[in-house]
Amino acid sequence: VKTKRNEAVTDKQRLPIDYGCEGIQPGHLDFLRQHIGPMASELRPQIPITYRRISLLGLESDERVTIDLGLRTSGDADDVVARTLGHLAVIEVKQWPYCVRTPIMRAVRGAGHRIMSMSKYIVSLALMRPELCRNRLQAAIRKLERI
């Protein structure tokens, strides 16, 4: 459960979940109720997102990098079509303070890529459920579709 206190601080509460576990189990529901209250009972899985992840840690800089490959989204409803973004890699750089001169930032920019903010979950929802409001994501979606 992620809670943003402000632009710079996000609190995260985690619950270990066994590999391969799908859906919300009774123990998960207790954890969710503890952190978000009664609305936890209304939560339902929406869109499974699968990917392979490579994690890197800067030895000489204060940054962590994750590279997600083979992204695939799928939905349970008949009107939701699976989308595969297997040709793309999502590179997330977490660092403090922000610095464009680290090796990964130079490599990304040197390869001609622009840095943009996105959420795999939100973009997946927008791609798979066109009835949802997508205005804020339109630029990111157009860029993904051009790649």
Side-chain angles (χ1 to χ4, degrees), residues 1-25 27-37 39-40 43-76 80-147:
V1 176
K2 291 166 95 174
T3 307
K4 274 191 143 323
R5 278 197 266 162
N6 57 44
E7 183 107 1
V9 179
T10 301
D11 293 321
K12 296 180 184 180
Q13 304 299 320
R14 293 180 171 93
L15 174 71
I17 297 176
D18 293 334
Y19 179 77
C21 178
E22 294 186 13
I24 299 173
Q25 307 300 315
H28 305 161
L29 203 49
D30 293 339
F31 173 82
L32 290 169
R33 279 193 196 108
Q34 179 184 359
H35 294 285
I36 65 172
M39 73 177 287
L43 296 176
R44 301 287 176 268
Q46 294 296 306
I47 295 181
I49 304 170
T50 58
Y51 51 91
R52 294 180 324 277
R53 173 168 281 181
I54 299 168
S55 298
L56 306 170
L57 179 64
L59 297 177
E60 296 181 21
S61 62
D62 188 13
E63 70 183 340
R64 294 173 290 137
V65 179
T66 56
I67 304 169
D68 296 339
L69 305 162
L71 275 80
R72 178 176 170 75
T73 62
S74 59
D76 298 330
V80 177
V81 178
R83 297 287 300 257
T84 299
L85 301 173
H87 63 292
L88 299 177
V90 175
I91 302 171
E92 181 178 0
V93 180
K94 296 178 183 180
Q95 55 180 216
W96 185 256
Y98 178 77
C99 179
V100 296
R101 292 180 303 279
T102 64
I104 189 69
M105 298 295 275
R106 284 195 308 262
V108 168
R109 284 193 357 264
H113 301 293
R114 288 190 44 215
I115 296 167
M116 60 186 272
S117 177
M118 65 170 270
S119 155
K120 289 183 288 287
Y121 175 71
I122 298 297
V123 170
S124 295
L125 276 176
L127 287 171
M128 295 179 64
R129 302 230 170 116
E131 73 276 9
L132 298 176
C133 181
R134 314 163 25 141
N135 295 343
R136 289 181 50 213
L137 298 170
Q138 205 58 47
I141 291 169
R142 273 192 242 112
K143 186 171 187 168
L144 285 173
E145 290 172 340
R146 283 194 307 262
I147 296 176

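In this text the structure is predicted, and so the values were computed from the model without any measurement. We're numbering straight along the sequence, starting at 1.
- Between atom CZ of residue Arg101 and atom CZ of residue Arg109 there is a gap of 9.5 Å, rounded to the nearest 0.5 Å.
- With hydrogens and angles ignored, the 3.5 Å screen pairs a side-chain donor or acceptor of Asn6 with a backbone N or O of Val9.
- At least one side-chain heavy atom of Ile67 sits under 4.5 Å from a side-chain heavy atom of Leu56.
- When all heavy atoms of Leu15 and Gly27 are compared, the closest pair comes out as CD2-O, 4.4 Å.
- Proximity of Met105 to Val108: side-chain heavy atoms (C-beta onward) are nowhere separated by under 4.5 Å.
- No more than 12 heavy atoms of other residues, nucleotides or ligands lie within 6.0 Å of CZ in Arg64, so this atom counts as exposed by the packing criterion.
- Contact record, Arg52 with Gly70: NH1-CA, 4.0 Å, taken as the closest heavy-atom pair.
- Counting heavy-atom neighbours within 6.0 Å of Lys2 NZ, excluding the residue itself, gives a total of 12 or less.
- In this structure, OG1 in Thr102 is found 5.0 Å from CD in Gln95, a value given to the nearest 0.5 Å.
- Once rounded to the nearest 0.5 Å, the distance linking CD1 of Ile36 with OG1 of Thr3 reads 9.0 Å.
- Shown here for Val100 and Arg106, the closest heavy-atom pair between the two residues is O-CG, 3.9 Å.
- Considering CD of Glu92 and CD1 of Ile104, their distance stands at 12.0 Å, rounded to 0.5 Å.
- Atom CD1 of Ile24 sits about 7.0 Å away from atom CZ of Arg44, to the nearest 0.5 Å.
- How far OG1 of Thr66 is from CG of Leu57: 12.0 Å, rounded to the nearest 0.5 Å.
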